[in-house]
Asks: 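Below: one structure in C-alpha cells.
Note that ligands are numbered from 1 as they come in the structure, with each ligand's atoms numbered from 1 the same way.
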Amino acid sequence: MGPPGGGKGTQAEILSEKLSIPHISTGAIIRNAIREKTQLGIVAEGYIEKGQLVPDDLVIDMVSHRLSQKDCENGYILDGFPRTLPQASAMDKIGIKLDAALNLVVADEVIVKRLAGRRECKRCAAPYHIDFNPPKVDGVCDKCGGELITREDDVPETIRQRLDVYHQQTEPLIGFYKEKELLVNVQGRDTIEETTMAVLDALGVKC
Ligand code: AP5
C-alpha cells in the first residue's frame, strides 16, 4: 500500500525478482485491458482518466482470476490491491491470506515531483524516472527494449485527484491491517535503493 507514486510498483518489481514470485499490479492489468480494448478496459478507461477508482466488483473478479493462475501457487506480491475496505473484506472472504501489508509512507509534495518524471515501459510496464531511475538508453526499457511512455494519469490535475481518492478511500486500510497485526510501515527514502533496504529489513527478507 501507499499513495500514488509512493514507490509501490518500483519496490514490488524489485521484491518480485528477489523472491521469484509474481508482481501483480492491478493498475498494470487495467492499463493493459484498456490498451487491448477488452470489456474491462472499456469500462475502466473513464475511471482511470479521471483519477477515480475502478468499481470494486470488477477489480475483485479480476484479482481472483489472476491469483488462480499457476504462477501464483508459491506466493505473489499484490501492488495496488486491496485499495478499499470492501476489497479488503472480499479478499478475506475469498480466503486470500496475507503475510504482511506493507505501507510505504511518502508525503504528498514528494509524490508530485516523482510522478512528473515517471516513465513506464509500454510493453512490460517496468517503472523508470528521468532523474531517480533513468534507463540505460533514453526512452528504451532496459528489460525488454520496449518504448518508455508517460502515463495518461500522470498529469497535475489527475495526480491531485488520485491523492484525494487515496486519502479518502485507501488510507482507512492502514487501520484495518493494523488491527489485524499485519501492518508494516516503511518510510519512503530519497533513493530507491535506500527504500529497498528499509523494505527488506522491515519484512525480514534476507537476499
Ligand atoms: P496504479 O497503477 O496502482 O497507480 P497508483 O496507485 O496511482 O500508483 P502508481 O503506479 O502511480 O505509483 P507507485 O506507488 O507504483 O510508484 P512507482 O513505483 O511507479 O493504479 C492506477 C489506476 O488504476 C488507479 O488510479 C485506479 O483508477 C485503478 N486501480 C488500480 N488498482 C485499483 C483497485 N485495487 N481498485 C480500484 N481501482 C484501481 O514510483 C513513482 C515514480 O517515482 C517512478 O518514476 C519511480 O522511479 C520513482 N521512485 C520510486 N521510489 C523512489 C524513491 N525512493 N526515490 C526516488 N524516486 C522514486
Asks: Evaluating non-hydrogen atoms only, which member of L78, T10, I130 is closest to atom 18 (O) of ligand 1?
Replies: T10
Asks: Measure the distances from the heavy atoms of G5 to every atom of ligand 1 and state whether one is below 4.0 angstrom.
Replies: yes
Asks: Ignoring angles and geometry beyond distance, decide whether G117 reaches within less than 3.5 Å of ligand 1 through its nitrogen or oxygen atoms.
Replies: no
Asks: Are the charged groups of E17 and K143 less than 4.0 angstrom apart, N to O?
Replies: yes
Asks: Decide whether the shortest distance between a heavy atom of S25 and an atom of ligand 1 is less than 4.0 Å.
Replies: no
Asks: Any idea which atoms of ligand 1 are less than 4.0 Å away from a heavy-atom of G9?
Replies: 13 (P), 15 (O), 18 (O)
Asks: Does a side-chain N-to-carboxylate-O contact under 4.0 Å join D154 and R162?
Replies: yes
Asks: Give the atom numbers and elements of ligand 1 that come within less than 4.0 Å of a heavy atom of V59.
Replies: 33 (C), 34 (N), 35 (N), 36 (C)
Asks: Determine whether L148 and V140 make a side-chain contact, defined as any pair of heavy atoms from C-beta on separated by less than 4.5 Å.
Replies: no
Asks: Which is closest to atom 52 (C) of ligand 1 in terms of heavy atoms, R114, Q52, E49, Q87?
Replies: R114
Asks: Does Y47 reach ligand 1 with a nitrogen or oxygen that is under 3.5 Å from one of the ligand's nitrogen or oxygen atoms?
Replies: no
Asks: Considering the heavy atoms of D190, write down every atom of ligand 1 situated less than 4.0 Å from one of them.
Replies: 54 (N), 55 (C)
Asks: Against ligand 1, does R31 come closer than 4.0 Å with any heavy atom?
Replies: yes
Asks: Could you tell me whether Y166 approaches ligand 1 through its side chain, its backbone, both or neither, with non-hydrogen atoms closer than 4.0 Å?
Replies: neither
Asks: Heavy-atom contacts with T26 under 4.0 Å: which atoms of ligand 1 show up? List them by number with element.
Replies: 30 (C), 31 (N), 32 (C), 34 (N)
Asks: Determine, considering heavy atoms only, which of R151, K8, E194, Q169 sits nearest to atom 4 (O) of ligand 1.
Replies: R151
Asks: Please work out, at 4.0 Å between heavy atoms, whether the side chain, the backbone, both, or neither of T195 comes within that distance of ligand 1.
Replies: side chain
Asks: Look at the side-chain heavy atoms of Ile, Leu, Val, Met, Phe, Trp and Tyr, link any pair under 4.5 Å apart, and say whether Y47 and I29 land in one connected group.
Replies: yes
Asks: Looking at R66 and D61, is there a salt bridge between them, counting it only when a charged N and a carboxylate O are closer than 4.0 Å?
Replies: no
Asks: Given that the side chain starts at C-beta and the backbone is N, CA, C, O, which of these parts of V54 lies under 4.0 Å from ligand 1, counting heavy atoms, or is it both or neither?
Replies: both
Asks: Using distance alone, decide if ligand 1 has a nitrogen or oxygen within less than 3.5 Å of any nitrogen or oxygen in G7.
Replies: yes
Asks: May I ask you to check whether L53 has an N/O atom sitting below 3.5 Å from an N/O atom of ligand 1?
Replies: no
Asks: Could you list the atoms of ligand 1 found under 4.0 angstrom from a heavy atom of F132?
Replies: 55 (C), 56 (N)
Asks: Regarding D153 and T158, do their side chains bring together a donor and an acceptor under 3.5 Å, going by distance alone?
Replies: no
Asks: Applying a 4.0 Å heavy-atom criterion (strictly less than), which segment of T191 is in contact with ligand 1: side chain, backbone, both, or neither?
Replies: backbone
Asks: Check for me, please, whether L78 and L40 land in the same ILVMFWY cluster - side-chain distances under 4.5 Å, paths through other members count.
Replies: yes
Asks: Which of the atoms in ligand 1, numbered in the order shown and given with their element, are less than 4.0 Å from a heavy-atom of P4?
Replies: 5 (P), 6 (O), 7 (O), 8 (O), 12 (O)
Asks: If you count heavy atoms of other groups shown closer than 6.0 angstrom to CD of E152, is the number above 12?
Replies: no
Asks: Under the side-chain contact (heavy atoms from CB on, under 4.5 Å) test against I30, which residue among T38, I48, L58 passes?
Replies: I48
Asks: So between R83, R118, R162, whose heavy atom ends up nearest atom 6 (O) of ligand 1?
Replies: R83
Asks: By number and element, which atoms of ligand 1 are closer than 4.0 Å to a non-hydrogen atom of I192?
Replies: 46 (O), 50 (N), 51 (C), 52 (C), 53 (N), 54 (N), 57 (C)
Asks: Within ligand 1, which atoms have a heavy atom of H129 less than 4.0 Å away?
Replies: 44 (O), 46 (O)
Asks: Of all heavy-atom pairs between L104 and Q11, which one has the smallest distance, and what is that distance?
Replies: CD1-CG, 4.2 Å
Asks: Rounded to the nearest 0.5 Å, what's the gap from CD1 on I21 to SG on C72? Could you check?
Replies: 9.0 Å
Asks: Taking a cutoff of less than 4.0 Å between a non-hydrogen atom of the residue and any ligand atom, is P3 in contact with ligand 1?
Replies: yes
Asks: Would a hydrophobic clustering, with Ile, Leu, Val, Met, Phe, Trp and Tyr connected at side-chain separations under 4.5 Å, put I77 with V205?
Replies: yes
Asks: Rounded to the nearest 0.5 Å, what separates atom CZ in R35 from atom CZ in R31?
Replies: 7.5 Å
Asks: Which protein heavy atom lies closest to atom 29 (N) of ligand 1, and at what distance to 0.1 Å?
Replies: I30 CD1, 3.7 Å
Asks: For N74, does the CG atom sit with more than 12 other heavy atoms under 6.0 Å from it, leaving out its own atoms?
Replies: no
